[in-house]
Amino acid sequence: MSDPIDSLLRQATEYAQKLATQTDDIDDDGNDDDDDELDLTYPNPSTLATIQSDKLMEVQDDDTKGRGFYALKDLKAGTRLVVAKPLAMVMGSELEALEDMDGGDEEEEDLDSDDGNEVDGKPTPTAKATKTPESDDDGSDTGEIEATGTKQNGIIILRLLQKLSADPSLWTDQLSTLFPRDEESALDLPTWLCSDVMIGMEIERQFNELPLLNLFKDNNESICKEIQLRLPLVVRYNVLSMETAPELFVHPDVENGGMSELSGTGLYGSEVSYFNHSCVPNVSRYCIGDVMFFVTNRSVKKGDELCFSYIEHEFLCESAEKRTLLLDMNFTDSDDGGKERPNKRQKTAAGTASVKGSDDDIPLPLIDVDMQSELMATPLMERLELIEELLEPEEPLDPEQDYKCDKYQLTILHAITLDGLGRTSDALKEWESCVDFATQYFPPLDETTVALNVQAALCAHKDGKADIAKGHAKKAMEMHDALFGGGVERFRNRYEKEFLVKMRHRTEKEIASDVESLFSKMS
């Protein structure tokens with residue numbers, strides 16, 4: 001059976017190019033006015049949305065952690081476990097269109113995620129294995145419920161209700177199996193209310209009309225009441241961010257081949273919902289359009305639980321308290337690799353993920369998307385001065401408050417800036433520092449580590465260090481092949497536009513020569 005990735009990459013590229021030249025519209029009830037929505041054709045439908053046929057894993061129950069996926073045999077790194085498409089999704093471009101319709105008077109805070117959903121303008125690669133949490137509040141101090149449910153989740157709820165009205169089995173066979181899996185569990189969680197008033201009103205209207213449709217022969221009213229309680233929470237706790245090749249530096253640059261237009265949020269079915277979180281993940285995921293792949297990122301022993309990280313890999317180096325804050329998923333992370341961690345759905349005493357009793361005790365990372373974009377918009381020499389001031393603060397770093405990943409992000413920006421100034425030798429030291437960070441803290445197979453090695457190889461080649469350049473190129477291609485397959489050809493295909501990013505003073509002819517010298521064969 002042929003590998004579907006090349007076909008999907010072609011479709012994704014064509015779709016991204018089309019989106020870059022048009023504007024999608026979305027109406028108030030969450031429906032896309034453009035009939036040509038993202039829906040890539042999967043070449044091998046028999047393996048879509050299913051665990052691979054040779055039974056690599058199965059769902060098992062654990063008394064302390066709940067359900068999870070466990071390996072049925074020893075698995076080598078790079079084993080493809082599951083391929084799936086979402087039950088419902090919303091694209092970032094649709095949200096932008098909706099905000100334009102609203103006149104842009106109010107700017108909604110991005111409560112769903114600290115990951116790549118807000119990708120436009122982000123100059124650095126970002127690992128994408130993340131859940132998309134919200135900052136729900138149960139309003140226990142005031143007796144009122146704060147509307148913090150995000151717009152994108154509201155739209156997904158509406159789309160699921162539309163599909164559910166046409167096919168009730170979507171609830172009985174798929175949605176009802178997702179967490180929270182019963183009404184008792186749902187009642188223990190903070191209530192979900194949409195922060196967008198119009199979408200929230202439409203959700204309420206459709207919930208009220210649901211019993212009138214008589215979708216269920218038995219217990220119609222009670223099932224509809226259960227749907228009203230559980231469905232918003234099913235979406236809130238199970239949605240996943242979707243980005244195509246977000247690790248590439250070209251990703252936000254749509255005009256030059258970046259795929260940020262394909263970013264969005266999707267709810268996937270039970271075939272992926274049992275992957276628990278771990279701070280030492282043995283599974284990674286990546287998307288091509290709306291098709292999501294789950295692969296092992298290290299060797300796995302028979303009987304081991306299969307987990308991915310709900311936060312970006314760059315945050316895995318942080319303390320358990322900081323990871324818990326970033327997770328915002330109503331459970332506490334731990335430093336034991338997930339083997340003895342609490343149930344992934346276990347609430348803290350306050351009902352929400354807390355750090356030292358209050359989210360105010362630990363700040364969020366300083367070098368976020370906005371800060372990176374602001375720095376990259378600054379002229380080169382001024383940017384260099386600002387970055388070096390941030391890299392060498394007057395006050396010593398506080399391990400309780402400061403983030404290791406801030407220095408990593410700054411080092412990437414430092415390398416880009418030095419490269420732009422022609423200081424190639426200095427830039428190479430910074431690229432290699434970033435590679436070292438990724439090698440130490442990221443999973444053994446990681447797409448961002450690939451991207452960093454590519455930049456280190458190109459920088460070393462320009463600096464005349466041929467052996468160092470070839471070493472980084474070899475690591476990049478071997479790791480890419482383990483994750484994505486397809487050898488050199490697929491690597492060159494995925495990185496075609498990345499090679500042309502104007503990071504160094506090189507002509508297209510020189511770049512072509514560099515690529516041919518470094519990335520023409522695996523060894």
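Hydrogens, waters and symmetry mates play no part in the numbers below; they use all other heavy atoms, side chains included. Note that the structure is predicted; figures quoted are calculated from it, not measured.
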Distance-only polar pair, side chains of E58 and Q60, donor-acceptor under 3.5 Å:
yes
Taking R67 first and then D61, would you say they form a salt bridge - that is, a charged N and a carboxylate O separated by under 4.0 Å?
yes
What pairs of residues pass the salt bridge (Lys or Arg N to Asp or Glu O under 4.0 Å) test when at least one of them lies in residues 222-231, not counting sequence neighbours?
E226-R230
Short question: side chain of S373, backbone of D370 - any donor-acceptor pair under 3.5 Å?
no
What I'd like to find out is whether the side chain of T172 reaches to under 4.5 Å of the side chain of F216, using heavy atoms alone.
yes
Any ion pair linking E447 and R285 (charged N to carboxylate O, less than 4.0 Å)?
no
Between Q11 and S7, is there a side-chain donor-acceptor contact under 3.5 Å, judged purely by atom types and distance?
yes
Does any part of the side chain of M57, heavy atoms only, come nearer than 4.5 Å to the side chain of F275, both counted from C-beta?
yes
Is it true that a side-chain atom of T265 and a backbone atom of S241 form a donor plus acceptor pair closer than 3.5 Å?
no
Locate the shortest heavy-atom distance separating P443 from R298; write the atom from each residue and the value.
CA-NH2, 3.7 Å
Closest non-hydrogen contact found for K163 with L87 is NZ-O, 2.5 Å
C194 versus I199, closest heavy-atom pair with distance:
SG-CG2, 3.9 Å
Around E221, counting heavy atoms of other residues, nucleotides and ligands shown, do more than 12 lie under 6.0 Å from its CD?
no
Counting C-beta onward and ignoring hydrogens, is there a side-chain heavy-atom pair between V59 and F69 closer than 4.5 Å?
yes
Do you know the tightest heavy-atom contact between I288 and A12?
CG2-CB, 3.9 Å
Does E94 come within less than 4.0 Å of R159, counting only side-chain N to carboxylate O?
yes
Side chain to side chain contact (heavy atoms under 4.5 Å, CB included), that's the test. Do W192 and I203 meet it? Break it down for me.
CA-CA 12 Å; W192 188 94; I203 291 173; 4.0 Å; yes
Can we call the ring centroids of F293 and F484 under 6.0 Å apart?
no
CA sep, side-chain torsions, deciding dist, call: D182, S185, side chain to side chain donor-acceptor pair (under 3.5 Å):
CA-CA 6 Å; D182 52 54; S185 299; 2.9 Å; yes
If we ignore hydrogens and angles and just use 3.5 Å, is the side chain of N220 paired with the main-chain N or O of P211 as donor and acceptor?
yes
